[in-house]
There are 2 protein chains.
Amino acid sequence: MLDHRYRSQRAPINLSEAIIPGLCAGCGARHIGLCDALSDEDLHFLASVSRPLTVQKGQTFVVEGDAARSFFNINHGVAKLYKDMPDGRRQITGFVSAGDFVGLAADSCYAFSAEAIQEVRMCRFDRTELRNVFGRFPAIEQRLFDFASHELVVAQEQMLLLGRKTAVERLASFLDGWHHRVSHAEDSNSGRSLPMTRADLADYLGLTIETVSRALSSLRKLGIISVAADHGVSVLQSTRLAEIAQAAGSSSAKIQPMA
Amino acid sequence: MLDHRYRSQRAPINLSEAIIPGLCAGCGARHIGLCDALSDEDLHFLASVSRPLTVQKGQTFVVEGDAARSFFNINHGVAKLYKDMPDGRRQITGFVSAGDFVGLAADSCYAFSAEAIQEVRMCRFDRTELRNVFGRFPAIEQRLFDFASHELVVAQEQMLLLGRKTAVERLASFLDGWHHRVSHAEDSNSGRSLPMTRADLADYLGLTIETVSRALSSLRKLGIISVAADHGVSVLQSTRLAEIAQAAGSSSAKIQPMA
DNA sequence: CTTCGAAGTTGATATGAATCAATGCGAACA
DNA sequence: TGTTCGCATTGATTCATATCAACTTCGAAG
């Protein structure tokens, strides 16, 4: 239902549950919206239209402009989606991780490229079979619809960020969002707090790496985050971070050190 | 099908056709994805879950944060969707017109506000009935899905614009897109070429009104557009406009006057 | 252990767009 | 017919971020 909170649907996903042997080896069906037991026939059908796929860090698995034949559901790891301009300018439009779908926002050709920033495991579906999959498993269609709706909300939020927020506000918004994302994910991430580089951050936030670095320093000097020796970022004061992200605090709050 | 070109589905919409008396008076069902004849029962059902609605220019009909009870399909006119920040900064996330859906990108609360910039006629659906509507008319669900997919593509394009393009490139991108939009629409627009103000343009493109004005002047001086006395804009050289929008021309092309 | 290169930080300067300010212009209205 | 006001344009100046540049750190390869 559209009325569902997206988070509440996303939270219960547990990749270790409901693994169905033979279907996308090592990847369950629960995360694509199938929670009930499936018949042998269903399993056979699913296996015929989907394949497991693992891509290594740095590998591009979707190229903007290519014919959109596949459709992916991420099982593990993080990938970046981006668009490039002829002169090299790049905009990362999002980071996808476990449970997310990739390839929805496509015409007959992909409108974006996708590259793994960690090893990524996923299911690849044949797009020409998508209608058939929907017909057999309405739960998948519903899940996809909810995912798309949520993506639109996120995209609008990102437009506000890119169009109207300052560098520090952009960073704070991102860190706040990522913080929630990983804290909700059961598949809690490995050691490093942020899997993406400063360059990725810059391309996501519409900034340069230098400005990202400076904005991180600002937040660090305010005592809101800490930056580890390996450049990993930890949130120390999530409330103040959120206030800066939404420009919600009193105007003077922005320049108060430590408290 | 996802494989369909969105445009090709959109083009054949003709609001003067297939008007079904009793269903959203003055508004057909074709534009929400129903092309075949409907039974009396279908009509009765549709009438029970939808109502016609007309809002005047300047009127806000969706408020960010309000409970998302309704879902709209635009029949005529143009509205802007936007998000505001507490301090008054605003980002317009899109303009919607005939055939477009509003209210999809919503959780239990609307994530955006919507205001008519012309008189807007639309169908309002009850969101709690949406599943029922989908169940009875899969064509509507499919159409909505395709619309959402297309919106995601557009949103990603807009992120690239906001994050990485210059003021003139942003203007060119917008004018190019709008140009295509109105030329494809059968419901070809009234006299003025752009229904929105410079302030709307600025809030859509992440700029100020002064910068929008200067960018328009630049394009005018290049002979690519003309600006009428009533501030209406006409495209004179759509190819060069598109080149600037995509930063695709040779770098020198940007500074060539008239040709 | 040394070298090398990728990634990140910080400083100095340049620049595109924002801000501040003045003016023009047409539509609504007295 | 003039007044007023919203909208738009243009110019002068400021400012946030980009650009250019130097340096550090860390890990991998030799």
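Throughout, a chain's letter reflects where its sequence line sits, starting with A, and its residues are numbered from 1.
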Of the nucleotides [options], which has the atom closest to the [X] side chain?
X	options	result
A:Thr197	D:dT10, C:dG8, D:dA21	C:dG8
A:Ala229	C:dC20, D:dA8, D:dC26	D:dC26
A:His231	D:dC20, D:dT10, C:dT9	C:dT9

OP1 or OP2 of [N] sitting under 4.0 Å from any side-chain N/O of [X]?
X	N	result
B:Thr211	C:dG16	no
B:Arg214	D:dA12	no
A:Thr208	D:dA18	yes
B:Arg89	C:dA18	no
A:Arg198	C:dT9	yes

What's the [atom1]-[atom2] distance between [X] and [N], to the nearest Å?
X	N	atom1	atom2	answer
A:Asp230	C:dT9	CG	C1'	15 Å
A:Lys165	D:dT17	NZ	C1'	18 Å
A:Met196	C:dG8	CE	C1'	16 Å
B:Leu205	C:dA18	CG	P	10 Å
A:Arg90	D:dA18	CZ	P	17 Å
B:Glu210	C:dT23	CD	P	16 Å
B:Leu216	C:dA17	CG	P	14 Å
B:Asp203	D:dA8	CG	P	12 Å

* Asked: Less than 4.0 Å between a side-chain N and a carboxylate O, is that true for A:Arg164 and B:Asp87?
  -> no
* Asked: Taking A:Ser113 for the side chain and A:Glu64 for the main chain, is one N or O donor matched with an acceptor at less than 3.5 Å?
  -> yes
* Asked: Quick check: does any side chain N or O of B:Tyr82 sit under 3.5 Å from a backbone N or O of B:Asp200, one acting as donor and the other as acceptor?
  -> no
* Flag for A:Lys165-A:Ser173: side-chain donor and acceptor within less than 3.5 Å -> yes
* Between A:Arg170 and B:Val227, who's closer to the 5' end of DNA chain D by nearest nucleotide? -> B:Val227
* Just do the salt bridge (Lys or Arg N to Asp or Glu O under 4.0 Å) check on B:Arg181 and B:Asp100 with the steps written out, would you? => CA-CA 12 Å; B:Arg181 191 165 169 171; B:Asp100 291 341; 3.3 Å; yes
* Asked: Looking for any heavy atom pair under 4.0 Å, which part of the strands does A:Leu207 touch: base, sugar-phosphate only, or nothing?
  -> sugar-phosphate
